[in-house]
Amino acid sequence: ALSKLTELVSPPKRPKGIGSPQQWSRAEARLGVTLPEDYRQFVQLYGSDLFAGLYVILTPGAREPYANLVEHQQLIGSQLAARERLPFDVHPARPGLLVWGGDENGNYYYWLTKGTPDRWPVVSESVRGTGFALHKCSMVGYLLGVQQLKIRPLASGYPPLVMRCPCECCPGRAKGSHDAEDQWYC
């Protein structure tokens with residue numbers, strides 16, 4: 001899945017926030033889990049930069065609290081625990097929600113820590129809409145599914161469509177949305 005994802009979204013030349021082996025070990029010790037292998041590989045390629053123009057992927061090596069996996073889990077975990085009637089328990093409960101990312105629209109993405117880490121499904125949380133949804137795929141599988149339009153993204157009009165510009169005088173690419181009423185530009 002990761003190789004297919006890199007074909008659709010190029011990794012940065014110098015990814016940020018990858019983290020040292022010591023930071024990864026400390027993060028896993030503090031969280032009390034082994035993190036999924038596809039997540040580890042993803043972070044090595046993409047880091048904590050904004051992924052695909054929308055997603056903030058949390059990493060053990062990010063300096064900023066909003067992008068650091070452990071610090072963000074502590075924050076969001078306490079916020080989730082204070083809410084009533086959650087459909088899932090919150091990590092460190094097993095199974096529980098362990099945040100791995102967010103998006104520019106304020107939505108959150110979690111692992112449901114059920115079973116072995118490489119089989120943890122994704123739970124998305126649309127904070128302004130449909131609430132929680134369980135996706136029977138890995139983190140990388142989820143991001144790939146969104147890019148391939150197999151999983152409906154929480155952000156409308158995402159990912160932007162890219163095609164050859166319809167203007168004959170422009171040799172470039174045009175970007176637009178899935179929404180017929182949105183503007184295209186090149």
Side-chain angles (χ1 to χ4, degrees), residues 1-81 88 90-127 132 134-135 137-147 151 153-155 158-159:
L2 188 58
S3 63
K4 290 180 182 175
L5 189 61
T6 60
E7 291 173 13
L8 297 172
V9 181
S10 298
K13 291 181 181 174
R14 291 192 178 126
K16 299 176 194 170
I18 292 172
S20 68
Q22 294 81 9
Q23 287 173 307
W24 280 82
S25 293
R26 280 194 303 272
E28 289 179 325
R30 288 181 67 191
L31 293 169
V33 297
T34 299
L35 295 166
E37 186 60 30
D38 75 326
Y39 167 74
R40 291 173 167 279
Q41 293 173 1
F42 178 93
V43 170
Q44 294 303 311
L45 282 173
Y46 290 97
S48 63
D49 290 329
L50 192 63
F51 174 76
L54 182 68
Y55 298 96
V56 176
I57 307 301
L58 307 173
T59 69
R63 291 183 184 165
E64 304 83 10
Y66 72 87
N68 184 280
L69 180 67
V70 174
E71 292 182 41
H72 210 82
Q73 175 61 30
Q74 290 172 341
L75 173 68
I76 197 73
S78 62
Q79 291 175 355
L80 284 171
F88 304 99
V90 179
H91 181 78
R94 289 290 198 111
L97 296 176
L98 174 58
V99 68
W100 55 258
D103 66 32
E104 294 282 283
N105 293 332
N107 301 306
Y108 290 101
Y109 304 89
Y110 308 91
W111 290 292
L112 182 60
T113 58
K114 180 179 182 179
T116 62
D118 291 333
R119 299 185 61 87
W120 289 347
V122 167
V123 174
S124 59
E125 181 189 12
S126 175
V127 295
F132 292 91
L134 178 66
H135 306 273
C137 58
S138 68
M139 182 203 84
V140 170
Y142 179 84
L143 294 172
L144 177 62
V146 169
Q147 295 303 310
I151 296 175
L154 296 181
Y158 182 85

Legend entry - Ser124 vs His135 side-chain heavy atoms within contact, under 4.5 Å: yes
Legend entry - Result of checking Trp120, Trp24, Tyr46 against Tyr39 for ring-ring contact (aromatic ring centres under 6.0 Å, His included): Trp24
Legend entry - Sidechain-backbone polar pair: Asn68 side chain, Ala62 backbone, donor-acceptor under 3.5 Å: yes
Show me the donor-acceptor pairs within less than 3.5 Å that the side chains of residues 10-17 make with the rest of the protein, sequence neighbours left out.
none

Sequence neighbours left out, cut at 3.5 Å: what donor-acceptor pairs do the side chains of residues 2-9 make with other protein atoms?
{"unit_1": "Thr6", "atom_1": "OG1", "unit_2": "Ser3", "atom_2": "O", "d": "2.8"}

Legend entry - Thr113 side chain vs Gly96 backbone, donor-acceptor pair below 3.5 Å: yes
Inset, instruction - Answer yes or no: are there more than 12 heavy-atom neighbours, outside Arg94 itself, under 6.0 Å from its atom CZ? - result: yes
Inset, instruction - Mind telling me whether Phe88 and Phe132 have parallel, tilted or perpendicular rings, with 30° and 60° as the class edges? - result: perpendicular
Legend entry - Glu28 side-chain N/O to Leu35 backbone N/O, donor-acceptor pair under 3.5 Å: yes
Inset, instruction - Please work out which of the three classes, parallel, tilted or perpendicular, describes the rings of Trp100 and Trp111, given edges at 30° and 60°. - result: tilted
Legend entry - Under the side chain to side chain contact (heavy atoms under 4.5 Å, CB included) test, residues paired with Asn107 that sit two or more places apart: Asp103, Asn105, Tyr109, Ser126, Val127, Leu154
Inset, instruction - Hey, can you tell me if Phe42 and Phe51 have their rings parallel, tilted or perpendicular (30° and 60° cut-offs)? - result: perpendicular
